[in-house]
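Notes to accompany the following structure.
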Amino acid sequence: MRVVRFYAPRDIRVEDAPEPAAGPGGLLLRVRNCSVCGTDAKIWRSGHPNLSPPRVLGHEVAGEVVEAGEGADGWSAGDRVQVIAAIPDGICHECRRGWMTVCPNTERIGYQHDGGFAELMRVPAGVLAVDGVNRIPDGLSFAEASLAEPLSCVINGQELARVGEGQTVVVVGAGPIGCLHVRLARARGAARVLLVERSARRLALAAALVAPDEAVEADGTDTAAAVRELTGGRGADVVVVAAGSGEAQEDALRMAAPRGTVSFFGGLPKDRPTITCDANIVHYREVGIVGANGSTPAHNRQALDLIASGAVPVADLITHRLPLEDTVEGIHTATGGEAIKVTVEP
Ligand SMILES: [Zn+2]
């Protein structure tokens, strides 16, 4: 079979590999869609500390069961499924409290386990052990189902930031994750959603799709002041930073209303992880800062339901569909500014 394997930064090869088997407690999938994540571009540039090469990349996976391994009860050939990306151990201190996104023993599809940029993928037994394989509702395409994984991370982020009814929400970053944040905020009852983005081109593309109440170009002038002005001087109840920028995180603190919450949804580059935080904003305005790290199996199920019910449509966010052979090109396209979501169809 054909696979897309990472060997080293800037060395990702499309090549032949032996077909995997389901193995005890696992499944063998025929991958129908594996969508490209911003992280795939980061891996292309600089690898990842948790990624052991050579490794088949891809973690936004939807496909069809080819074979169920011994003990993988309830699954059979032909089942249409979506698969979690982060595999918590399910038994540690954090997992027992339901905090599976911060399980210290998490393993990941496409990092420690071969991923979905391949014709066939083995779903490890550990995924089934935490209920991480979800049936795709009838009427939902594999391409849409593959976006359940990124949406599940967005759900985790908005739960932690407590996005809700009547709020003003600012989303910084108009990539696919930012677009999902705008749509989920509306689904959760936000009254007003502002979208902030540095690239005028990407902002226009995203705004045409998700129709924020205000599209704000971060053009190097005082973006936080612009946001405060657009919110009657009060600021936003929740500011989600869906961009890997320390400067955007610093700005976000100045966009938050009294008692507001700032979500550092995107991580920062490993070599520049610190920011300057105006602690008096946090102190006097009682602003909260929360993180967000992936999603749980339950978030993935919730995401599939939101997509299937139409509460969070995703089909129109898929701007590019590519064959497996063009995956590396797709990874570049995803960061290029002319795409929202790129999906690979092996
Ligand atoms: Zn755990």
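Atoms within each ligand, like the ligands themselves, are counted from 1 in listed order.
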Please output the side-chain donor-acceptor pairs of residues 17-27 that fall under 3.5 Å, not counting sequence neighbours, one pair per line with the distance.
none

In a table with atom names and distances, give each donor-acceptor pair under 3.5 Å that connects a side chain of residues 72-80 to protein atoms at least two apart or in another chain.
residue, atom, partner, partner atom, Å
D79, OD2, S76, N, 2.9
D79, OD2, R135, NH1, 3.2
R80, NH2, L140, O, 2.5

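Around the Zn ion (ligand 1), protein atoms of type N, O or S found under 2.8 Å number 4.
Under 4.0 Å is where a charged nitrogen must lie from a carboxylate oxygen, and between D114 and R55 at least one such pair does.
Side-chain heavy-atom separations under 4.5 angstrom define the hydrophobic clusters, and I91 shares its cluster with no other residue.
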> Should E345 and L322 be marked as a side chain to side chain contact (heavy atoms under 4.5 Å, CB included) after you check the CA-CA gap, both sets of side-chain angles, and the distance that decides it?
Replying inline: CA-CA 6 Å; E345 312 197 304; L322 300 172; over 6 Å; no
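Shown are L304, I307, L317; of these, the side-chain contact (heavy atoms from CB on, under 4.5 Å) with E144 is made only by I307.
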